[in-house]
Amino acid sequence: MGTSSEGDRPWQSYNTVYTNAKAGMDGVDKEKVQRIVYEMSKGSKYFENEKRKEAFIKQKIESLRAQVDKLTDKDVSHFQMIANKKILELEASRDLSKVWLHTDMDAFYASVETLENPSLRGKPMAVGGLSMISTANYEARKFGVRAAMPGFIACKLCPDLIFVPTNFEKYTFYSELARKVFRRYDPDFISTSLDEAYLNITEVCINREISSDEVAGELRNAIFEETGLTCSTGVAPNLMLAKVCSDINKPNGQFILPNDRKAIMTFISSLPIRKIGGIGKVTEHVLRDVLGIKTCEDILQNGAFLCALFSSCSSDFFLSVGLGLGRTDTPDIKMRKSISSERTFHATNDENFLFQKLADIAETLSNDMKEKCLSGRTLTLKLKTASFEVRTRAISLQKCIHSKEDILSCASRILRAELPLSLRLIGLRMSQFSDDKNSHVDPMQKSIVAFLSGGDANSSPTLPKKQVCLEVGDKLEDHDGLDFSEGQSKQDVELDFQVADDHTGDKNDDRFSLLCDSHCSVSSSIAENFKSNDSYLDEAKPDKSVEPDELTYSVERLIEEVGLIWVDDYICSVCGIELPPSFTEERREHSDYHLAEMLQKEESSRGRGHLAQERRLVRFLYYVDAIPMHHNVISLFKFNYACLWFLKFISETKNASKQSPKYTKISYHFILLQERIHMYKDGYQNYQACQTTQKYKNNN
DNA sequence: GGGGGAAGGACCA
DNA sequence: TTCCTGGTCCTTCCCCC
């Protein structure tokens, strides 16, 4: 798009969805339309974003080409075998027993408007506004104006264009009139939009002993008589082909593809892949530029490469297209999966305006949900920035919600975490509805308190799985059982933690390096001690001790006080999940989840006995000393874990061995731990303060 | 390897 | 100057089982 190699006609490579040919656009000067669209779009933020997306697709194409180049003859014959097998299986599934009819109203919205206002007849007209056109009549299409085109570009293409605002009540009324006709031919007809439907006319043809051609003609006449509108129909053995056929003789026409394999293969052989539903601008571009595929016939000839490059699901789809196969059954009633509402506005970073918009959208969504009796637990916030970049942020809740207040409360917290931003669109989507199989929360879920009091390892909390960004968690796990091999050096430990740096963003932080260096010099001796001496427990010489009850209380308070540490007050230091500070309750549950998970692991390794656990704890204390200061973000969680471990240990041992020397040592270690937690926490707060100062400096 | 959540994107009308 | 809305499905990443 717009590179120098395109010389003086850069518009030729600027292909938007509306520069592609559509019914009624045969005589259009495509070059002129493309040039005007390009001239009007050039330099806009939308155009820049399109360039970015185009570059991404080009990169994908290059990568696929490289994969093709790498394939050896042996690989190709291997994938050819796979493709042949798939083709045989698909061919065996071919069903020519059904007759499907697809009907599509001609320029539906525009036709309805003309029907209600005959003065529009014969004049170029579009339904929509200056920002976007929903549909254009055939007079307007002669100028290159079409659906999905911005109105201001359409104005340039056709200066006399008349704009009519959309009126869905009208369209729904006429759609219902047409549906009454459809019902007479197939009570179970499939409606895909206000103006399109699939009808299974197999029975009608058999019972009335008439051809599908006659049924199609009859149906079109009935539609015209009862609505005053024209439609086009296509008849074929499956839904995919019927849809393609209805487009062939548009407007006000019909096309019949007989239920005959040879006729289908002839029809499909020269059919451009873009005509197939599911193959859009990007897929067409990729298949053409990587494998030179332009028609459905080309697909079958490239079966081996398609199997080599794409997922099984995608290659199956492509091959079935190449064979002219499609669905032949009426699908079961489809349950709605999500419901959403979104609004576009002039790009702004005015937070009051954005939150007001959010409230409006939350209200619309809530009303829509109430109307449809829906309640969901996953809320997705969609944002489109001033530069057309789209972001989505989802949150799954413990319970289903539908009220405006609940939706707005969650949405505001997610939005707040994204600001400041200049936005041009906000949207909200609700999914995981209350009657979904997967939407319920595990009834066995227990809080951390219940877990501790019950000690039931099998009923640990089962919060939804979260994506883990910090690989270091796993690596820590290997060692933090505090069983890391005797030969492992401090450098090894640090190497593992280096991974954490990349995620927490504090790599190369000079202020922190200073803290680390000073700390490392101390910790190295401890690490040495740790490595060389396995009798650490006996060597711990406590000079103070605490009562079991007092210790329990202290540990509980410490857990309360420290909580999970959130990197930049936003990202969980354990798994990387992002939860804004205002999500207090969710944060507490999240901490519970991690801690319970750790405890469960402890439970499952109980075979090692208490002494082993003591040893592991003390090893752990040495180990945290060996952690450079700036890694405390990660290690603070480990302190939490240790606290819980303490609690468990205390509850199990306090009756039996309050005075035992081991208990005394453990309580001593707890005091050390407590001190360190505060020290590390202070260190982290200093670090955060430095970060804030740095951000301020950078911004200025 | 399959299932599932999150995020992003393709596609459709 | 200006490029929608609402919905579904697929892919990718990455975890857990």
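The shown structure was predicted, so the numbers you read here are calculated from the model rather than taken from an experiment. Here is the naming used below: chain letters follow the sequence lines, and residue numbers restart at 1 for every chain. Just so it is clear, the values below take in all heavy atoms, side chains as well, and ignore hydrogens, waters and symmetry mates.
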- Item | Charged N-O contact under 4.0 Å between A:R343 and A:D360 | no
- Task: Mind checking side chain to side chain donor-acceptor pair (under 3.5 Å) for A:T166 and listing every partner two or more places apart, or none if nothing turns up?
- Result: none
- Message: Whole angstroms only, please: what is the CD1-P distance between A:I276 and C:dC9?
- Response: 19 Å
- Value in whole Å for how far the C1' atom of C:dG6 lies from CE of A:M369: 15 Å
- Query: Which is true for A:G427 with a 4.0 Å heavy-atom rule: it touches a base, it touches only sugar-phosphate, or it touches nothing?
  - Reply: nothing
- Task: Name the residue closer to the 5' end of DNA chain C, choosing between A:C313 and A:S341 according to the nucleotide with the nearest heavy atom.
- Result: A:S341
- Task: Give one of base, sugar-phosphate or nothing for A:S311, where a contact means two heavy atoms less than 4.0 Å apart.
- Result: sugar-phosphate
- Whole angstrom value for the distance that separates P of C:dT11 from CG of A:D316: 10 Å
- Which is true for A:L365 with a 4.0 Å heavy-atom rule: it touches a base, it touches only sugar-phosphate, or it touches nothing? nothing
- side-chain N/O A:T283 vs B:dC11 OP1/OP2, d < 4.0 Å: yes
- Message: If I take atom NZ in residue A:K281 and atom C1' in nucleotide B:dA10, what distance separates them, rounded to the nearest angstrom?
- Response: 10 Å
- Cation-pi check, A:R141 onto A:Y138 ring (under 6.0 Å, within 45° of axis): yes
- Note on the structure: Taken to the nearest whole Å, CD1/A:I36 to C1'/C:dT2 is 16 Å
- Which nucleotide in C:dG6, B:dC12, C:dC4 has an atom nearest any side-chain atom of A:A148: C:dC4
- Task: Determine, for A:E54 against A:K51, whether the closest basic-nitrogen to carboxylate-oxygen distance falls under 4.0 angstrom.
- Result: no
- Task: Kindly indicate whether the side chain of A:V127, heavy atoms from C-beta on, has any atom under 4.5 Å from the side chain of A:V112.
- Result: no
- Query: Taking OP1 and OP2 of B:dG5, is either one under 4.0 Å from a side-chain nitrogen or oxygen of A:Q432?
  - Reply: yes
- Note on the structure: On DNA chain C, more 5' by nearest nucleotide between A:D368 and A:L130 is A:L130
- Query: Of the nucleotides C:dG7, C:dT5, B:dA10, which one has an atom closest to the side chain of A:T344?
  - Reply: C:dT5
- Can you check the A:K53 NZ to B:dG9 C1' distance for me, whole Å? 9 Å
- Message: Among C:dG6, B:dG8, B:dA6, which nucleotide has an atom closest to any side-chain atom of A:R393?
- Response: B:dG8
- Query: Considering only side-chain heavy atoms of A:S131, which listed nucleotide, B:dG5, C:dC3, B:dA6, is closest?
  - Reply: C:dC3
- Query: From B:dC11, C:dT11, C:dC9, pick the nucleotide closest to the side chain of A:K337?
  - Reply: C:dC9
- Rounded to whole angstroms, how far apart are CZ on A:R429 and C1' on B:dG9? 11 Å
- Do A:F353 and A:F345 have their ring centres less than 6.0 Å from each other? yes
- Message: Over all strands shown, is A:K384 touching base, sugar-phosphate only, or nothing at heavy-atom distances under 4.0 angstrom?
- Response: sugar-phosphate
- Query: Is A:E62 salt-bridged to A:R65, going by a charged N under 4.0 Å from an acidic O?
  - Reply: yes
- Please confirm whether any donor atom in the side chain of A:S41 sits under 3.5 Å from an acceptor in the base of C:dC3, or the reverse. yes
- Query: Is A:S44 near enough to C:dC3 that one of its side-chain N or O atoms lies under 4.0 angstrom from OP1 or OP2?
  - Reply: no
- Would you mind classifying the nucleic acid contact of A:I339 as base, sugar-phosphate or nothing, using non-hydrogen atoms under 4.0 angstrom? sugar-phosphate
- Could you please name the option among C:dT5, B:dA7, B:dA13 that lies closest to any side-chain atom of A:E196? B:dA13
- Contact check, side chains of A:V68 and A:F305, non-hydrogen atoms, under 4.5 Å: yes
- Task: Check whether any side-chain N or O of A:R146 sits under 4.0 Å from OP1 or OP2 of C:dC3, and answer yes or no.
- Result: no
- Message: Please classify the nucleic acid contact of A:R391 as base, sugar-phosphate, or nothing, using heavy-atom distances under 4.0 Å.
- Response: sugar-phosphate
- Task: Classify the ring geometry between A:Y198 and A:W100 as parallel (under 30°), tilted (30 to 60°) or perpendicular (over 60°).
- Result: perpendicular
- Task: Check whether any side-chain nitrogen or oxygen of A:S396 sits under 4.0 Å from OP1 or OP2 of B:dA6, and answer yes or no.
- Result: yes
- Quick note, A:S338 side chain, CB onward, closest among C:dC4, B:dA13, C:dG7 is C:dG7
- Note on the structure: Looking only at C:dT11, B:dA13, B:dG8, the nucleotide nearest the A:D195 side chain is B:dA13
- Note on the structure: Under the rule of Watson-Crick or G-U wobble with both distances under 3.5 Å, where | means paired to another strand and [ ] a crossing pair, DNA chain C maps to ....|||||||||||||
- A:S340, nearest nucleotide to its side chain (from C:dG6, B:dA10, B:dC11): C:dG6
- Query: Between C:dT8, B:dC11, C:dC3, which nucleotide has the shortest distance from any of its atoms to the side chain of A:Y46?
  - Reply: C:dC3
- Under 4.0 Å between any heavy atoms, over every strand shown, what does A:I133 touch: base, sugar-phosphate, or nothing? Just pick one. nothing
- Nearest heavy atoms of A:L415 and A:L354, plus distance in Å: CD2-O, 4.4 Å
- Query: Does C:dC3 have OP1 or OP2 sitting under 4.0 Å from an N or O in the side chain of A:R424?
  - Reply: yes
- Message: On DNA chain B, does the nearest nucleotide to A:I57 precede the nearest nucleotide to A:K243 from the 5' side, or the other way round? Give the residue.
- Response: A:I57
- Atom-pair distance (CD on A:E48; C1' on C:dT2), nearest Å: 16 Å
